[in-house]
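First the structure, in the form of structure tokens, and then the observations on it.
Computed from a predicted structure; not experimentally measured. Just so it is clear: chains get the letters A, B, ... in the order the sequence lines come, proteins before strands, and each one is counted from 1.
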2 protein chains.
Amino acid sequence: MVKMRDVAKLANVSVATVSRVLHNPETVKEATRKKVLSVIDELNYKPNMLARQFRRNETNIILVVVPSIMNTVFSGIIEGIEYEASRHGYRVLLGNTNRKVENEYDLVELLKKRQADGMILLSERMDSNDIKSLSEEYPLVLATAYIEGLKVPSVSIDNVSSSREAVEHLIRLGHKEIAHITGPLQFGISKGRYKGYKQALMQNNLEVRNMLVQEGDFTFESGYNQMLKFMAIEKTPTAIFAANDEMAMGAVKAVKEFGLNVPRDIAIVGFDNIAFSSKFDPAITTVAQPLFEMGQKSMKLLLQQIQGKPILKSQYILDCELIVRDSCGGKGKEKVLNENIST
Amino acid sequence: MVKMRDVAKLANVSVATVSRVLHNPETVKEATRKKVLSVIDELNYKPNMLARQFRRNETNIILVVVPSIMNTVFSGIIEGIEYEASRHGYRVLLGNTNRKVENEYDLVELLKKRQADGMILLSERMDSNDIKSLSEEYPLVLATAYIEGLKVPSVSIDNVSSSREAVEHLIRLGHKEIAHITGPLQFGISKGRYKGYKQALMQNNLEVRNMLVQEGDFTFESGYNQMLKFMAIEKTPTAIFAANDEMAMGAVKAVKEFGLNVPRDIAIVGFDNIAFSSKFDPAITTVAQPLFEMGQKSMKLLLQQIQGKPILKSQYILDCELIVRDSCGGKGKEKVLNENIST
DNA sequence: TTGAAAGCGCTAACAC
DNA sequence: GTGTTAGCGCTTTCAA
């Protein structure tokens, strides 16, 4: 393995000069620099990063912890992280937890052992006290989640208001019997989306009925199963707000199996705008999070910490957008509505 | 930061002994070992991995290069890799290339700079000569792809025979006008699947007609567009074999838009068995790769290289399975067929 | 069974 | 502008 000393020897300079050529080329006389560079090329010298990292005590690696790599929401955020990271010379590596807390704790060890300069968590499985104390010692950002009351830098969306908007859209379309399939209610995002649903109903003087709220677990199957329950109610709801797209699609499947049509008989709205939502039949009306932006913002927050800059504002909440497609039956009407407004 | 020296001092031993307790505990007297361990605990000592890695010139990290993290095929393989890696004390980190060669080359640098002990490539974008020379210098395994004629350790499936099987299934169902939507033909897997399609037709004395083969790019949209072309042919094909599930779903969409029914009017078969295939309406008949097994096998091959063991066999080709669902119209019939065979 | 000590390859403070 | 040199924290050989 060719090392810096070899380059130095052949170029008739000291190792310090070689190091300078690599990191502060402007401090080296042009002739020397060219000489060194040509020798580096000639010997095909690759700096030993392990040595460098050890010496400087930094890796230029950002660890992103994802609960699942199959989810397009996460990949959208990751794109934003990667974009911002590479602009600053950082490389992003992904640690997959498969939704298991122990893997999350395992990946945290990488950070503690300095295998990464910082970490972005795309999940909130760990105990919040652990997250807090981790955050006090290491650069850390939470994305998609944020732990109330905890001053951990985080980037998230307002699940409450964006869900409210989605449900209000259904109300504006004339629906009065609107059901909700929630996510697992131990998660903050599920609670938030549920809250938004209730707010929309209450603000429009509609009753929040227990029977019209069922807890799912974010899977297609659970959407299907909970929809089956709604179909069994005597006065079947005319619209469904599902806490994510997968469940919305599962609900659609159940409706179809009853020989009914979405959106004609039952309107359905999801959340997340996963890649498949637009390809589903019918295309799912849903709430899109600003994924790229969230990733970018998270990375910026992380960089501030790594660079030891003071963080003026550490909690960011970004805006979502309602994407009206076919499953809610409001596409044409929405257009008319917009035109009315704009005229 | 508490370091080994601190532990040594407090435990009244040398740093060497502390190091031994960590790596070869059996070589240390029990009393000493216990003492050291308690001090480690007391001081909450975490070894500096950067120093360790530098010294031992190894990271215990496996880098998996994925073209896209959104794809359930890749995540399936990764699960297998992770399983096998963790059994041997290795950690898996993912590098996302977003299907860009330059990112692939970029990640290779991590390997060259010893940021990872080995690498598994889940894509074949790089120049095959580069892959070859990389493989000569570093532990490397190709999964899902394999480069013909090149002795790079690889794990793949037989795209030809499994595609042949899929098309033969359609033939057995009575179809004679079977079209094929290929992947980008510069990729080995696309060529293989195309080849399997042709073999099936020829072996059954069916004509391979140029008009019935269109090149897609593995996206939903391309499946849709190519299907539109088939619909425009005077004698519309009665069955379609798409080189992946996304294109198969796109094709379904096109058929539906013509007011036709899948599978009644046109049967469609995909490839990959992505997570969504079973949820699509109709559920897609497809070819499933043994993803977990592929990942596991790849990791085993990589470990052999890392440990410097001789590799007896370096190219593995695993079996696929045809999953008959609704989109081919062969579900019931297949059952009858099986029963006939089994009786 | 334990300790002393020599580096691993690089960076950066300091001297010239 | 460039060279000398002292480590970074750990592992491992050698000697005791």
Side-chain angles (χ1 to χ4, degrees), chain A residues 1-40 43-61 89 109-117 306 308, chain B residues 1-40 43-61 89 109-117:
Chain A
M1 201 77 257
V2 31
K3 56 193 72 164
M4 200 176 260
R5 196 174 34 204
D6 303 322
V7 176
K9 203 175 291 171
L10 197 60
N12 271 318
V13 294
S14 71
V15 286
T17 299
V18 178
S19 181
R20 281 189 199 103
V21 168
L22 260 26
H23 301 288
N24 305 93
E26 68 284 359
T27 68
V28 177
K29 199 166 58 173
E30 180 161 0
T32 328
R33 190 182 347 138
K34 278 191 173 163
K35 181 77 186 289
V36 170
L37 285 173
S38 81
V39 173
I40 285 178
L43 298 181
N44 192 24
Y45 164 72
K46 299 269 174 204
N48 179 331
M49 296 307 280
L50 259 28
R52 165 130 94 216
Q53 290 172 3
F54 166 53
R55 182 57 233 255
R56 312 194 16 165
N57 201 23
E58 65 179 32
T59 60
N60 280 329
I61 285 177
E109 286 304 303
L110 284 183
L111 185 64
K112 288 190 178 167
K113 289 175 183 163
R114 318 233 192 68
Q115 303 256 62
D117 292 352
I306 291 174
Chain B
M1 201 76 257
V2 30
K3 55 193 71 163
M4 203 175 256
R5 196 174 35 205
D6 303 322
V7 176
K9 203 175 292 171
L10 198 59
N12 271 318
V13 294
S14 70
V15 286
T17 299
V18 178
S19 181
R20 281 188 199 105
V21 168
L22 260 26
H23 301 288
N24 305 93
E26 68 283 0
T27 68
V28 177
K29 201 167 57 173
E30 181 162 1
T32 327
R33 190 183 345 138
K34 278 191 174 164
K35 181 76 185 290
V36 171
L37 285 174
S38 83
V39 173
I40 284 178
L43 297 181
N44 192 25
Y45 164 73
K46 300 266 177 207
N48 180 329
M49 296 307 280
L50 260 28
R52 166 129 94 213
Q53 290 171 3
F54 166 52
R55 184 55 234 254
R56 313 204 355 175
N57 200 23
E58 66 178 32
T59 59
N60 280 330
I61 286 177
E109 286 303 303
L110 284 183
L111 185 64
K112 288 189 178 168
K113 289 174 182 163
R114 320 233 191 66
Q115 302 257 64
D117 293 351

Expressed as a whole number of angstroms, how long is the span from [X]:[atom1] to [N]:[atom2]?
{"X": "A:Arg33", "N": "D:dT2", "atom1": "CZ", "atom2": "P", "answer": "10 Å"}
{"X": "A:Asn60", "N": "C:dT11", "atom1": "CG", "atom2": "P", "answer": "12 Å"}
{"X": "B:Met49", "N": "C:dC8", "atom1": "CE", "atom2": "P", "answer": "21 Å"}
{"X": "B:His23", "N": "D:dC10", "atom1": "NE2", "atom2": "C1'", "answer": "8 Å"}
{"X": "B:Asn57", "N": "D:dC10", "atom1": "CG", "atom2": "P", "answer": "17 Å"}
{"X": "B:Asn24", "N": "D:dT12", "atom1": "CG", "atom2": "C1'", "answer": "10 Å"}
{"X": "B:Lys113", "N": "C:dG9", "atom1": "NZ", "atom2": "C1'", "answer": "15 Å"}
{"X": "B:Leu22", "N": "D:dC10", "atom1": "CG", "atom2": "P", "answer": "9 Å"}

- CG (B:Leu10) and OH (B:Tyr45) are apart, to the nearest 0.5 Å, by 14.0 Å
- Roughly how far, to the nearest 0.5 Å, is CE of A:Met49 from CD1 of A:Ile61? 8.0 Å
- Tell me which nucleotide among C:dA4, D:dT11, C:dT1 gets nearest to the side chain of B:Thr32. C:dT1
- Nucleotide nearest B:Arg20 (side chain, heavy atoms from C-beta), chosen from C:dT11, C:dG3, D:dT2: C:dG3
- Hey, what bend do you get for the helix from C:dT1-D:dA16 to C:dC16-D:dG1 if you fit axes on five pairs at each end, rounded to 10°? 30°
Please enumerate all protein N or O atoms sitting under 3.5 Å from an N or O of nucleotides 7-9 of chain D, with distances to 0.1 Å.
from	atom 1	to	atom 2	distance (Å)
D:dG7	N2	A:Arg55	NH1	2.7
D:dG9	OP1	B:Lys3	NZ	3.3
D:dG9	OP2	B:Lys3	NZ	2.8

- Output yes when at least one side-chain N/O atom of B:Ser14 is less than 4.0 Å from OP1 or OP2 of C:dA4, else no. no
- Item | Main-chain N/O of A:Ala51 paired to A:Asn48 side chain as donor or acceptor, under 3.5 Å | yes
- Message: Using side chain to side chain contact (heavy atoms under 4.5 Å, CB included), reason through A:Lys35 and A:Thr32 one step at a time and then give a plain yes or no.
- Response: CA-CA 5 Å; A:Lys35 181 77 186 289; A:Thr32 328; 5.5 Å; no
- Inspect the surroundings of NZ in B:Lys46 and state if more than 12 heavy atoms from other residues, nucleotides or ligands are less than 6.0 Å away. yes
- Identify whether any heavy atom of B:Ser19 sits under 4.0 Å from a base atom; if not, whether one sits that close to sugar-phosphate; answer base, sugar-phosphate or nothing. base
